[in-house]
Visitor: 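The structure's right below; bear with me while I get my questions together.
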Amino acid sequence: MEPAWAGDWGWSQAHARFWEQLGALESLPPEQFMPEFMRLSVRPDVVLPPPPAGDPPPWMAKRPAGIRAFLKDFRNYHLDRERLASFERPVLYVLGGLSNPDQYGDIADRLSTVFREYRVEVFEERHHFDPPHRIEPGRLAGMLREHWQRAEGSNNAD
């Protein structure tokens, strides 16, 4: 469900601009980093709710540093496209229709050229911070059951 990164190959111009915008966040202090990171993760017309009242949980203070570490690793790691392409089972990509299409939509499109049996399911009213597994668990569970049955059928064909 909406991987944060899927390799450094085949990026669209919009996806490359998205990563430039992410890079610009690096210099922000933690209290500005998270709101800007969240804003970039959704479509521009999405209005995110304000943070809950009161002090954030203690683990939230570590979130900006953790995201920065992921971003650094993504910039320094080469994901082997051919190795991904060797995966022979069905792949299900769950996408939030309100997530940033320059990030998650681009990844969905690029992965469609990698996997032999690949399908995208869009949850039109969901985004990365309002995920289907939390908001629409029944619908997602049905998709996963269907996907697993398809994968088992693929496995039995060997």
Side-chain angles (χ1 to χ4, degrees), residues 1-23 25 34 36-49 52 57 59-60 62-158:
M1 289 179 266
E2 292 190 351
W5 187 75
D8 57 0
W9 33 260
W11 288 10
S12 67
Q13 289 180 351
H15 192 72
R17 279 192 305 274
F18 168 80
W19 275 90
E20 288 172 10
Q21 292 172 316
L22 277 178
L25 300 181
M34 282 309 300
E36 287 301 309
F37 174 79
M38 291 178 71
R39 184 189 60 75
L40 279 177
S41 297
V42 297
R43 282 188 0 201
D45 59 337
V46 171
V47 177
L48 293 169
W59 55 263
M60 193 62 142
K62 297 178 181 179
R63 178 97 16 119
I67 293 170
R68 283 182 172 109
F70 276 121
L71 295 176
K72 178 183 175 193
D73 285 347
F74 294 157
R75 280 192 298 270
N76 295 320
Y77 180 75
H78 175 72
L79 182 62
D80 186 341
R81 184 186 187 286
E82 298 311 314
R83 185 150 185 197
L84 279 181
S86 71
F87 185 74
E88 296 180 357
R89 302 289 178 243
V91 173
L92 171 65
Y93 186 101
V94 176
L95 176 64
L98 300 178
S99 292
N100 186 332
D102 297 340
Q103 177 183 19
Y104 301 108
D106 181 271
I107 290 171
D109 290 344
R110 286 188 298 118
L111 291 178
S112 73
T113 68
V114 173
F115 298 109
R116 291 175 210 154
E117 193 174 340
Y118 177 82
R119 90 177 206 244
V120 176
E121 290 289 343
V122 179
F123 283 68
E124 293 295 338
E125 299 300 317
R126 305 278 69 89
H127 58 70
H128 198 69
F129 303 109
D130 181 35
H133 61 276
R134 188 175 71 205
I135 308 302
E136 298 183 58
R139 180 178 167 205
L140 181 62
M143 286 178 185
L144 289 172
R145 279 189 205 100
E146 178 189 333
H147 180 72
W148 290 328
Q149 289 172 348
R150 181 186 277 169
E152 287 172 353
S154 174
N155 192 28
N156 292 336
D158 290 345

Visitor: Is any side-chain N of the basic residue among R119 and E146 closer than 4.0 Å to the acidic one's carboxylate O?
Guide: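 Judged by the 4.0 Å cut-off on N to carboxylate O distance, R119 and E146 do form a salt bridge.
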Visitor: Working to the nearest 0.5 Å, report the span between NE2 of H78 and CG of D80.
Guide: 5.5 Å
Visitor: Is the shortest side-chain heavy-atom distance between D8 and Y77 below 4.5 Å?
Guide: no
Visitor: Give a yes or no on this: more than 12 heavy atoms of other residues, nucleotides or ligands lie within 6.0 Å of atom CZ of R110.
Guide: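 Buried by this count: over 12 neighbours within 6.0 Å.
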Visitor: Which heavy atom of A6 sits nearest a heavy atom of L111, and at what distance?
Guide: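 Closest approach of A6 to L111, heavy atoms only: CB-CD2, 4.1 Å.
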Visitor: Rounded to the nearest 0.5 Å, what's the gap from CE on M1 to CG on L140? Could you check?
Guide: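 The distance works out to 5.0 Å.
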Visitor: Between atom CE of M143 and atom CZ of R150, what is the distance when rounded to the nearest 0.5 Å?
Guide: 11.5 Å
Visitor: Looking at side-chain heavy atoms only, is the closest gap between I107 and H15 below 4.5 Å?
Guide: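 Yes, at least one pair of side-chain atoms sits under 4.5 Å.
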Visitor: Looking at side-chain heavy atoms only, is the closest gap between L84 and R81 below 4.5 Å?
Guide: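 No, every pair of side-chain atoms sits at 4.5 Å or beyond.
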Visitor: When you look at S41 and H127, which way does the side-chain contact (heavy atoms from CB on, under 4.5 Å) test go after all the steps?
Guide: CA-CA 8 Å; S41 297; H127 58 70; over 6 Å; no
Visitor: Which atom pair, heavy atoms only, marks the closest approach of L40 to F18?
Guide: O-CE1, 3.5 Å
Visitor: Check S86 against R116 and note the closest heavy-atom contact, atom names and distance.
Guide: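 Looks like CA-NH2, 4.2 Å.
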Visitor: Could you tell me which non-hydrogen atom of A108 sits nearest to which non-hydrogen atom of V120, and how far apart they are?
Guide: CB-CG2, 4.2 Å
Visitor: Starting at CD of E121, measure out to CG of L144 and round the result to the nearest 0.5 Å.
Guide: 10.0 Å
Visitor: Answer yes or no: is there a side-chain heavy-atom contact under 4.5 Å between R17 and D102?
Guide: no
Visitor: Please tell me if the side chains of P3 and Y93 come closer than 4.5 Å, counting only heavy atoms from C-beta onward.
Guide: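 Side chain of P3 against side chain of Y93, heavy atoms only: contact under 4.5 Å found.
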Visitor: So which heavy atom on V42 is nearest to which on F129, and how close?
Guide: CG1-CD1, 4.1 Å
Visitor: Using 30° and 60° as the class boundaries, would you call the ring planes of F115 and Y118 parallel, tilted or perpendicular?
Guide: parallel
Visitor: Report the distance from atom CZ of R89 to atom CD of E152, rounding to the nearest 0.5 Å.
Guide: 10.5 Å
Visitor: What class does the angle between the rings of W5 and F74 fall in, given that below 30° is parallel, 30 to 60° is tilted and above 60° is perpendicular?
Guide: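 Correct class here is parallel.
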Visitor: Are side-chain heavy atoms of F123 and R139 found at a separation under 4.5 Å?
Guide: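 Side chain of F123 against side chain of R139, heavy atoms only: contact under 4.5 Å found.
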Visitor: Determine whether S99 and E2 make a side-chain contact, defined as any pair of heavy atoms from C-beta on separated by less than 4.5 Å.
Guide: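 Yes; the side chains approach each other to less than 4.5 Å.
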Visitor: Could you state the interatomic distance from CZ (R39) to CD (Q21), rounded to the nearest 0.5 Å?
Guide: 6.5 Å
Visitor: Please walk me through it: do I67 and M34 pass side-chain contact (heavy atoms from CB on, under 4.5 Å)?
Guide: CA-CA 9 Å; I67 293 170; M34 282 309 300; 3.6 Å; yes
Visitor: Taking all non-hydrogen atoms of both residues into account, name the closest pair between V94 and P132 and its distance.
Guide: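 For V94 and P132, the tightest heavy-atom pair comes out as CG1-CG, 3.7 Å.
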Visitor: Does E36 CD have over 12 foreign heavy atoms under 6.0 Å away?
Guide: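 More than 12 heavy atoms, drawn from other residues, nucleotides or ligands, come within 6.0 Å of this atom.
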Visitor: Check each of N100, L98, D130 against V46 using the side-chain contact (heavy atoms from CB on, under 4.5 Å) test, and report the only one that passes.
Guide: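 Exactly one candidate clears the test, L98.
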Visitor: If the condition is ring-ring contact (aromatic ring centres under 6.0 Å, His included), which residues does H128 pass it with, not counting sequence neighbours?
Guide: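 In terms of ring-ring contact (aromatic ring centres under 6.0 Å, His included), with neighbours along the sequence ignored, H128 is linked to Y104.
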